[in-house]
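Nothing here was measured: the structure is a model prediction, and the numbers come from that model. Numbers restart at 1 for each chain; the letters A, B, ... are given by sequence-line order, proteins then strands.
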Amino acid sequence: MSRSAVVVAIILAAALFAPWLAPYGEAQFVGGVWDPPSVRHLLGTDNLGRDMLTRLIFGARNTVSIAGLATTLAVGLGVALGFLAAALGGWVDALVSRGVEILLSIPVLISALMVLAALGNSLAVLIATIGLLESTRVYTIARAIARTIVVREFVAAARLRGEGLVWVLAREILPNALPALAAETGLRFSFIFLFIASLSFLGLGIQPPAADWGSMVRENAPAINFGLIAPLYPATAIALLTIGVNRLVDRYLAAESRPGAA
Amino acid sequence: MRGLIAARVGMGFLTLAVISALLFFATDCLPGDVAAALLGPQATPEALATIRASLRLGEPAGLRYVHWLAAVLHGDFGRSLATGRSVVAMLRPRFQNTLALAGLAAIVAVPLALGLGVAAAMRAGGRLDRAVSTLCLLTISVPEFFIGYLLILLFSVQLGWLPSLAVLHGGMSLAQRLGAITLPTITLVLVVLAHMVRMTRAAILSVMSAPYIEMALLKGLTRGSLVLRHALPNAAAPIIAVVALNLGYLVVGVVVVEVVFVYPGAGQLMVDAVGKRDLPLVQACGLAFAATYVGLNLVADIVAMLVNPRLRRA
Amino acid sequence: MSPPLARREFLRAAALCGAAGAVGGMASLSGCAVPDGGGDTTGMLRIGMAGGSTSDSLDPRTYVDWMPINIGYQLMNGLVEIDAEGRAVPELLESWEPEGDARVWTFKLRQGIVFHNGKSLTPEDVIYSINLHRGRTPSAAQAVVENIVELRKLDATRIQITLAGADAELPATLSDYRLLVVPDGFEDWAHPIGTGGYTLEVFEPGVRCITRKVGGYWKPNAAHVEAIQVLSIGDAIARTNALISGQVDVINRIDGRTADLMRRNPRFQVIRSQTGQYAVFAMNCEAEPYANADIRLALKYAIDRERLLKTVLNGYGTVGNDQPIPPNNPYFAKDLAAHTYDPDKARHHLRKAGRERLDVALDVSDAAFFGALDAAILYQGAAAEAGITLHVRRRPADGYWSAVWMQAPFCGSYSDGRTTVDGALAKAYKSTSASNETRWRRPEFDRLANLARGELDPARRRELYGVCQHMICDDGGALIPLFMDHIEAGSDKVRGWQPSAIYDLMGQRIGERVWLA
Amino acid sequence: MSAAGATAGPVLRIEGLSVHSAGGVALVEDVSFELARGEVLGLIGESGAGKSTIGLAALGFARGGCRITAGRILLGGTDLRLLDAEGLRRVRGRRAAYVAQSAAAAFDPAMRLIDQICEGPIRHGLMSRRAAEERAIADFRALDLPNPATFGQRYAHQVSGGQLQRAMAVMAMACGPELLVLDEPTTALDVTTQIEVLAHLKKLIAGSGTAALYISHDLAVVAQIADRLLVLRHGKPVETGSTADLLTRPQTAYARALVAERAGVALAATASAAAPSAAAPVAAASPAALLEVRGLGVHYGRQAAVSDASFTLAPGETLAVIGESGSGKTSLGYAVCGLVPARTGSVSLAGVELAADYAQRSREQLRRLQLVFQLPDVALNPRQTIAAIVGRPVQFYFGMRGPALASRTSELLGLVGLDPAIAGRRPGELSGGQKQRVCIARALAAEPDVLVCDEVTAALDPLIAEEILQLQRRLQERLGLAYLFITHDLATVRRIAHRVLVLWRGRIVAQGATAEILAERRHPYVAKLCAAEPEMRPGWLEEALARRAGTEPSNEFQSAGGN
């Protein structure tokens with residue numbers, strides 16, 4: 001098990017068994033504001049006097065689960081539409097690409113407020129919103145990758161056999177697009193951590209007192225001015241998971257780019 | 001090829017029209033209106049009524065949009081509901097500032113990202129590759145405003161080398177201006193660098209095992225020209241896409257950096273406009289961003305076609 | 001034989017295609033992207049303040065946020081000023097006399113005052129300036145002058161104001177920051193003409209403003225600095241960093257912790273003003289379950305005010321007792337029992353209301369008041385001890401005052417300090433007020449409040465206002481946990497800087513008051 | 001074949017060379033040989049005998065994962081194994097050049113041909129850009145490439161396989177290297193192009209004194225160009241000697257089998273040339289035409305690739321389509337399959353007219369008409385396993401699953417002479433020959449009525465090609481399978497084709513029974529085709545060149561026979 005795999009495993013374990021691992025309650029006030037690390041509070045306390053370690057553990061659960069679901073939705077939707085646009089071309093490509101362009105050029109503030117005004121605020125809405133908005137970015141990259149694969153002969157061979165579009169996309173194009181898509185997915189997962197926080201800041205996100213790493217960085221950020229490192233704990237947690245996940249992607253990418261693989 | 005471009009430009013205008021409609025009706029159906037936003041909580045109903053009458057807010061949204069569209073077709077983007085000043089006059093200086101900052105960041109970020117991405121791909125698995133990847137992944141683990149705070153804390157407060165306020169005004173010399181926007185530029189570069197570096201690296205690696213790369217190696221080319229002249233062009237499609245995406249972000253999504261560095265950009269103007277439900281201003285800002293983005297996408301598609309000849313047929 | 005556009009050249013161009021748009025932008029960077037100005041900076045007071053917006057205007061009728069108000073006081077003068085002790089003192093109105101039942105007042109105009117355009121101050125100017133906010137006007141100050149029935153020029157130096165209802169503290173009411181005096185018939189708000197100590201040089205809404213000193217200012221001991229530059233800095237940390245790194249001399253609205261940090265550094269000074277500004281969780285008394293008085297009391301006992309004061313404000317404030325009059329106000333009812341945190345008493349009131357448990361939602365956003373979300377989360381923790389499940393619903397700051405305030409049954413709200421007790425009561429507690437956020441309508445309260453307003457005898461007025469405070473505290477729908485201090489900070493070079501009785505930055509008159517050492 | 005002048009020391013000396021794969025399997029064991037200036041050594045052996053590995057080792061290179069484990073590689077006195085990466089880099093392309101087997105895959109799809117060809121000399125600082133381009137254009141003209149001045153402007157996908165292979169030769173010779181490694185350079189070419197490329201290479205090698213390592217499986221081709229031969233089997237040297245000695249008096253049993261095999265094919269070719277021998281199938285005289293093509297026209301933009309082609313194909317019949325590269329053979333095949341929609345004319349299968357575009361054809365129609373691509377490197381999905389590639393049509397058309405599917409897949413792999421154990425591997429790990437057999441297996445998996453083969457057996461060595469042809473004949477007799485066989489190998493045409501169709505610049509110039517067409521050679525072009533078939537006799541190339549350079553083709557070809 002490589003180092004990064006261990007790190008990711010630890011974080012997933014924390015996410016899964018949060019209630020049993022956390023020393024205190026998720027919303028429990030246990031001390032002063034930004035108390036330094038002590039025996040009772042290994043990482044000190046946060047901006048409201050809650051135990052930082054507890055918040056990180058519960059934060060892991062919310063962040064990883066929501067980011068995981070949102071990434072799956074974003075990558076699934078983005079890749080499917082991207083491949084369809086590349087494979088079919090013509091008006092399908094034009095229609096979807098322009099639609100994506102529209103979504104991308106509307107500032108996130110307005111789209112988030114629009115969704116909030118229309119659908120209210122629930123975890124499902126949060127995940128759907130992130131999934132939809134991020135899928136536009138995945139779409140752009142997936143389409144670019146697929147366009148170079150669609151013109152190759154083995155795709156023509158499959159189509160000539162009478163294969164359906166779904167088979168061509170899933171078994172002929174996807175395997176060749178996986179290395180680059182894996183890199184994109186790894187990054188998208190990390191971008192979404194912070195996207196959850198910025199949406200929560202707008203009111204469309206995780207309701208207090210639930211914790212998520214991105215919001216913890218935002219709430220504790222002022223401490224940096226007083227020479228306190230409170231915001232660095234959640235920031236480090238995000239960094240560890242980000243580097244862990246993307247290092248695993250690199251391992252897969254290295255295996256895939258060995259000659260004979262492509 | 002020219003026919004293709006003309007069609008795309010036509011589509012671009014259509015897209016802008018749809019965006020303007022979407023922005024209008026979206027902002028319009030958000031709670032509250034410009035009168036309530038202007039007068040604040042203590043407003044009396046009579047005062048609200050006066051303003052609403054003077055700004056013709058009573059008319060149905062559809063009609064107001066048609067009026068706006070008709071005016072735009074005659075080149076008049078209308079006046080701000082909140083201040084009565086011409087929307088274009090309010091937007092132009094700020095949009096120039098946004099483009100200047102985004103441009104400066106792009107000039108630094110894009111070549112740097114491609115360079116680092118290529119270097120990382122060339123020595124995949126080596127120390128440089130790991131170092132570059134770790135640095136990039138660190139920058140995307142922290143929200144933009146926090147990167148800004150850290151830079152200000154280090155360069156402005158501790159070392160005092162650079163100002164933390166990027167308030168541009170006429171009286172400043174070019175050196176002062178550049179000094180003022182150095183920190184925001186560094187922040188933006190760090191924010192967009194990671195995505196481009198990682199995608200460049202992945203795209204090149206997924207091409208490195210192709211037979212023509214082996215052939216180029218057997219022709220005795222240096223690893224550098226091998227990657228730059230053969231791997232990069234064939235891996236260009238996703239790279240161009242990710243560069244376009246991030247340039248779009250530099251222009252459309254940079255409000256946070258404007259807030260932290262107090263930079264008079266169009267992002268903050270749009271946030272205020274939305275907050276005040278100042279529809280003509282929201283439209284103008286929205287269209288400026290959208291036009292930039294649609295333009296970027298068009299250029300990206302054309303470059304992708306030029307770089308990969310096989311796409312030209314498609 | 002070379003191909004028309006060698007692909008290599010194009011590839012290099014493609015790598016920089018993102019910058020193509022920027023080259024245009026770069027050209028503008030050296031050009032003047034923003035109008036010129038801001039020349040001499042010697043002896044310039046640099047203020048970095050929150051409260052600016054790109055849609056600001058210098059027309060007093062549009063003043064809602066703090067930056068335009070500050071600039072207003074640099075260029076123009078008000079009718080009446082509030083001094084450090086909170087008393088109404090003359091500004092352009094030299095003296096005043098109420099008649100009989102405080103319904104008709106006569107004001108004497110200060111003489112020898114000249115506008116920046118050379119025109120001397122006349123009653124017509126004052127009357128025009130007040131009428132700007134009366135009748136069909138878009139002004140938010142309409143409520144303040146609503147009580148005025150008639151405004152008449154008596155002679156070259158005096159004007160008479162007739163009120164609908166008696167108001168013993170009319171002078172204090174006329175100290176409102178929107179009642180600034182401009183020449184009769186003046187309309188060109190882009191270049192306001194006032195009697196203030198400074199004239200406008202550069203004004204970019206939501207960015208910055210520079211005013212330069214005018215010679216011969218009538219007000220004694222005022223307008224010391226050569227010029228004033230106000231920068232709009234919305235972000236609190238950006239403001240703090242700007243001050244620490246010496247780019248500004250004065251900043252407003254800092255939080256309790258930054259205040260402590262600043263006080264430890266001799267290069268800076270921290271000014272703390274207790275102006276009666278308070279945070280409130282407003283319950284809609286006409287909606288369930290808040291219609292029941294016991295439910296309201298249960299909720300009032302279920303909040304830990306001391307912890308809020310320590311955690312949210314870091315001590316920079318005073319504990320509130322669910323009524324709008326602050327302890328440092330002469331009319332404060334000292335005999336009021338404090339609603340200190342008592343989960344058992346809260347449960348007792350719940351049971352009186354026939355319930356074992358209570359499940360309510362509190363809508364809140366930092367747009368309501370600084371630290372509102374943190375306060376709500378702390379309240380959530382404390383209320384749980386009293387068997388009350390409080391769902392904190394975070395709402396967007398955008399459009400908060402239209403979509404949440406006065407809409408959600410239980411939401412965060414705010415009130416800035418008022419110059420008069422009646423102002424405070426009229427704003428949110430009288431049945432007739434449009435901004436009665438708790439919809440707590442008691443005719444008896446209205447009668448007593450109006451009686452007190454017209455009562456000239458201070459002792460009697462204090463007794464009446466005492467009863468009013470009891471009524472709001474015991475029965476009202478406003479849970480007021482904290483009075484919040486205004487905290488501002490600046491470099492030690494700024495001299496003559498005093499705490500103020502209303503608003504911050506010396507009642508927004510810092511520009512003409514302080515000087516640089 | 002000029003005598004090998006041993007002026008300076010040997011250009012290349014390899015001693016005790018061993019190369020192991022990533023898994024530790026020995027691909028090449030203890031191979032030694034020497035190569036003097038201007039000399040050509042032929043490396044002969046079945047596919048998988050390590051020929052390419054040795055060729056690459058001559059440039060100090062080992063494919064992904066493999067390692068040169070023992071031996072010395074002396075190029076003009078310098079041992080490549082002692083050089084660091086930079087040293088190797090300076091040698092490759094400049095002093096030693098490599099010509100890959102599949103030019104289509106070896107050329108960078110996103111770069112103009114002229115840029116790739118001139119890249120070597122420019123990067124090695126030998127020539128200015130202008131000089132490199134002029135030399136390339138001169139070489140294009142020397143190799144009869146169409147309008148040489150602008151040929152370089154085109155991209156790899158805009159040029160035919162044969163033209164690309166010649167461009168590859170130009171690229172290799174661009175730096176005037178001391179050593180040239182040719183990895184089966186002409187196998188994928190039709191015969192007339194083959195002799196031209198061979199002639200050009202021979203002239204280059206002789207003229208510039210370049211030493212050449214010629215890797216091939218086709219004895220006849222190597223015989224024309226190699227001075228000496230080295231026979232390899234499973235990575236170990238079997239026999240070596242001068243070409244003449246080895247062809248006439250092979251010592252070892254394996255070498256003898258190889259020579260006999262090639263001679264046998266030649267014999268059969270000559271036999272059938274005289275009269276359709278028993279081996280040649282008699283056209284089954286069933287009346288109903290399985291495939292009927294009327295007035296077929298194919299256009300790329302304004303250029304007409306095929307115009308007014310009409311022919312029929314009966315069940316169990318093999319129709320060969322022969323013609324020079326660029327004559328429209330492939331376009332005709334693609335149009336029949338609907339991959340390139342024909343602009344005029346019609347194609348009908350068993351009486352039912354097929355839509356011009358494959359997308360509109362029914363699944364059954366697509367199943368009954370299968371196409372095998374010319375270039376195996378690009379026709380197989382690099383990320384799928386062989387089992388998936390070959391198994392999919394069986395699963396798709398016949399719904400077979402699980403063990404039944406697995407056994408049918410193994411059966412198909414066996415059919416085309418592949419060890420079923422490779423089912424788990426990916427195309428990238430196979431040799432060119434193995435890949436082509438996977439393509440054929442994939443087509444046969446659909447059990448089609450008509451199989452359109454675009455130069456499929458060209459890349460296979462004779463032993464396997466023979467088995468494929470016998471297999472196709474068996475399927476033909478058992479299932480009545482019909483073939484539209486696009487090829488340039490007249491030997492194959494004689495052995496299996498009932499009828500022949502000759503294409504010249506997109507038009508059918510001759511059509512009829514194989515024996516008739518090949519015998520009478522009325523059309524000058526057909527004669528040229530027949531005369532160009534290489535025989536396993538040294539010196540034949542010179543005669544053929546002389547003949548072509550001379551006048552009308554003489555018919556003494558008739559009496560050529562293996563000796």
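Using a 4.5 Å heavy-atom threshold, the side chains of Leu194(A) and Ile238(A) count as touching.
Heavy-atom pairs under 4.5 Å with chain A were tallied for Asn314(C), Asp366(C), Leu261(C), Asp255(C); the largest tally goes to Leu261(C). Ranking Val312(C), Asp260(C), Thr258(C) against chain A, the residue ahead of the rest is Thr258(C), based on heavy-atom pairs under 4.5 Å. Ranked by heavy-atom pairs under 4.5 Å with chain A, the list Arg395(C), Gln380(C), Lys310(C) is led by Gln380(C).
Judged by distance alone, with hydrogens and angles left aside, the side-chain atoms of Arg55(A) form a donor-acceptor pair with the main-chain N or O of Glu26(A) at under 3.5 Å.
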**Study point:** Working for side chain to side chain donor-acceptor pair (under 3.5 Å), residues Asp359(C) and His391(C)
**Key:** CA-CA 8 Å; Asp359(C) 197 312; His391(C) 300 283; 2.7 Å; yes

Review point. Side chain to side chain donor-acceptor pair (under 3.5 Å) between Arg394(C) and Ser200(A): does it pass, once the steps are laid out?
Key: CA-CA 8 Å; Arg394(C) 180 184 202 150; Ser200(A) 301; 5.8 Å; no

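Contact annotation for Asn47(A): both backbone and side-chain heavy atoms come within less than 4.5 Å of a heavy atom of chain C. Neither the backbone nor the side chain of Ser365(C) has a heavy atom closer than 4.5 Å to any heavy atom of chain A. Using a 4.5 Å cut-off between heavy atoms, Asp398(C) touches chain A through its side chain atoms alone. Contact of Arg307(C) with chain A is made through the side chain alone, with heavy-atom distances under 4.5 Å. For Leu48(A), the parts lying near chain C are the backbone and the side chain together; criterion is any non-hydrogen pair under 4.5 Å. Proximity to chain A is absent for every atom of Ile244(C), based on heavy atoms less than 4.5 angstrom apart.
Classified by interplanar angle (parallel below 30°, tilted 30° to 60°, perpendicular above 60°), the ring pair Trp213(A)/Phe193(A) is perpendicular.
Using a 3.5 Å distance cut-off with no hydrogens or angles, the side chains of Asp93(A) and Ser97(A) do pair a donor with an acceptor.
Across all their heavy atoms, Arg50(A) and Gln28(A) have their closest contact at CG-O, 3.3 Å.
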